[in-house]
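Reading through the structure tokens given below for one structure.
Chain letters run A, B, ... following the sequence lines, proteins first and then strands; every chain starts at 1.
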Protein chains: 2
Amino acid sequence: MTPTPKVKPTNSELEILRVLWDRGASTVGQVHEVLAAKRDMGYTTVLKMLQIMMEKGLVSRDDSRRQHIYTAAAGEQSVQRQLMRDLLDKAFAGSAANLVMHALSAKKATQQELQEIREILDRLEGESK
Amino acid sequence: MTPTPKVKPTNSELEILRVLWDRGASTVGQVHEVLAAKRDMGYTTVLKMLQIMMEKGLVSRDDSRRQHIYTAAAGEQSVQRQLMRDLLDKAFAGSAANLVMHALSAKKATQQELQEIREILDRLEGESK
DNA sequence: TGCAAATTACGAAACAATTCGTATTTTTGC
DNA sequence: GCAAAAATACGAATTGTTTCGTAATTTGCA
């Protein structure tokens, strides 16, 4: 089980977590490189963010070497579930079906993804039978 | 078509929109009554929020009478879609299937909801053929 | 060794979101 | 009419987020 963070990540923090989830353990420079490609963002800004996230327990780091190496402490799955629940409550009045409907129309899923979703449905339906 | 707001509602704004979507046009007092039941929140806080939301175009109001009547200007559907897109990008790396998976496991859907989702899938799959 | 380069630490400014106290305005009942 | 009650307007404090400049530290190498 991935640990559930105590705090809900802010938007910027989520951007950084995204990088760490995708790349795995990274230096500040590596995270910065990825983010700077998308939008303007100074090196020390990223550094500071990571330091704050360290305090909040969202990342952990190895500072045994010259360049500190940061790792996402909050598991991708856990954070996703947390954000999902939050959005479900606040914006969708708890209706998962409604949310799914919007998710699918917000972004076209591939044939393969649609197939995967069918499988999830099958599994869920099987369980509740 | 419900109008898409220019701005993304903040958390508190979403709470208020939730009330307006559920109850329909409401006075400050009515909104306050609902929110105060959940968490501590002063009357003028709600009032101020609604005034700010008015400026942002998230609500409209009828101030022809003593008590102003507020209505959600941002349609529930539009806001949901917008938030969905946002979350999809930031937390789910664009994978709708992944998001749907979490949505379904975060909150058990009813048989009927599952059926509705299947119908959506059918429709989508039909389109892309 | 000691200087230049690379890195982290720190503080604080800029901005945005939330909250509420007080002032002002409007209505109503006497 | 006028006072009390009820409502809105406004300003500002507080808190949280994001950003970055500058200082301090560490490392490698000439």
Side-chain angles (χ1 to χ4, degrees), chain A residues 5-20 25-71 74 79 83 86-87 90-91, chain B residues 5-20 25-71 74 79 82-83 86 90-91:
Chain A
K6 312 86 205 141
V7 293
K8 177 182 157 192
T10 66
N11 274 357
S12 297
E13 287 167 351
L14 212 44
E15 272 189 320
I16 289 180
L17 285 175
R18 175 86 270 137
V19 176
L20 294 178
S26 307
T27 63
V28 177
Q30 289 168 327
V31 174
H32 176 244
E33 191 180 13
V34 175
L35 292 182
K38 291 203 204 314
R39 63 195 192 84
D40 219 29
M41 203 179 195
Y43 178 91
T44 57
T45 302
V46 176
L47 172 63
K48 181 66 168 186
M49 283 305 301
L50 282 165
Q51 287 169 345
I52 290 171
M53 290 171 78
M54 183 71 197
E55 279 170 21
K56 292 191 185 178
L58 289 169
V59 298
S60 59
R61 84 179 163 192
D62 171 0
D63 56 2
S64 65
R65 284 189 256 181
R66 173 79 171 108
Q67 299 180 137
H68 296 177
I69 310 276
Y70 289 87
T71 314
V79 171
L83 293 172
D86 195 64
L87 187 62
K90 291 230 183 62
Chain B
K6 312 84 205 143
V7 297
K8 176 181 158 195
T10 66
N11 273 356
S12 296
E13 288 167 348
L14 212 44
E15 272 189 321
I16 288 180
L17 285 176
R18 174 86 272 138
V19 176
L20 294 179
S26 307
T27 62
V28 177
Q30 288 168 328
V31 174
H32 175 244
E33 192 180 11
V34 175
L35 292 182
K38 292 202 203 314
R39 63 196 191 81
D40 218 29
M41 204 179 193
Y43 179 91
T44 58
T45 302
V46 175
L47 172 63
K48 181 67 166 186
M49 282 306 300
L50 282 166
Q51 288 169 344
I52 290 170
M53 290 170 78
M54 183 71 197
E55 279 169 21
K56 293 192 185 177
L58 288 170
V59 298
S60 59
R61 82 177 164 195
D62 171 1
D63 55 3
S64 65
R65 286 191 255 178
R66 172 78 168 107
Q67 298 181 138
H68 296 178
I69 310 275
Y70 289 87
T71 314
V79 171
Q82 186 187 14
L83 293 172
D86 195 65
K90 292 233 182 62

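- Put simply, T45(A) has a side-chain N or O that comes within less than 4.0 Å of OP1 or OP2 on dC20(D).
- For the OP1/OP2 pair of dT18(C) and a distance below 4.0 Å, the side-chain nitrogens and oxygens of T10(B) include at least one atom meeting the criterion.
- Contact between the side-chain N/O atoms of Q51(A) and the OP1/OP2 oxygens of dA9(C) is found at a separation under 4.0 Å.
- Out of dT7(C), dT19(C), dT8(D), the shortest distance to the side chain of H68(B) is found at dT8(D).
- Within the 4.5 Å cutoff, no side-chain heavy atoms of T44(A) are placed close to those of V28(A).
- Among dA7(D), dA9(C), dG11(C), the nucleotide with an atom closest to any side-chain atom of R61(A) is dA9(C).
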Between protein and nucleic acid, restricted to nucleotides 23-25 of chain D and to nitrogen or oxygen atoms under 3.5 Å apart, what atom pairs and distances do you find?
none

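- Contact check, R39(B) against dT19(C): a side-chain N or O comes under 4.0 Å of OP1 or OP2.
- Picking from dT8(C), dC20(C), dT18(D) the nucleotide with the shortest atom distance to the side chain of T44(B) gives dC20(C).
- When the side-chain nitrogen and oxygen atoms of S12(B) are compared with OP1 and OP2 of dT18(C), one or more of them lie within a distance under 4.0 Å.
- Close to dA6(D), at under 4.0 Å from its OP1 or OP2, lies no side-chain N or O of Y43(B).
- L50(A) approaches V59(A) most closely through the heavy-atom pair O-CG2, 3.8 Å.
- Between Y70(B) and Q30(B), every side-chain heavy-atom pair lies at or beyond the 4.5 Å cut-off.
- The pair K56(A)-E13(A) meets the salt-bridge criterion, since a charged nitrogen lies less than 4.0 angstrom from a carboxylate oxygen.
- Closest to the side chain of K48(B), from the set dA7(D), dT7(C), dC20(C), is dC20(C).
- No side-chain heavy atom of R39(A) sits under 4.5 Å from any side-chain heavy atom of L35(A).
- OP1 or OP2 of dT17(D) sits under 4.0 Å from a side-chain N or O of K56(A).
- Nearest heavy atoms, L17(A) versus L58(A): CD2-O, 3.8 Å.
- Counting only heavy atoms from C-beta outward, the side chains of I52(B) and K48(B) approach each other to under 4.5 Å.
- Relative to the side chain of L47(B), the nucleotides dT7(C), dA9(C), dT8(D) differ in distance, and dT8(D) lies closest.
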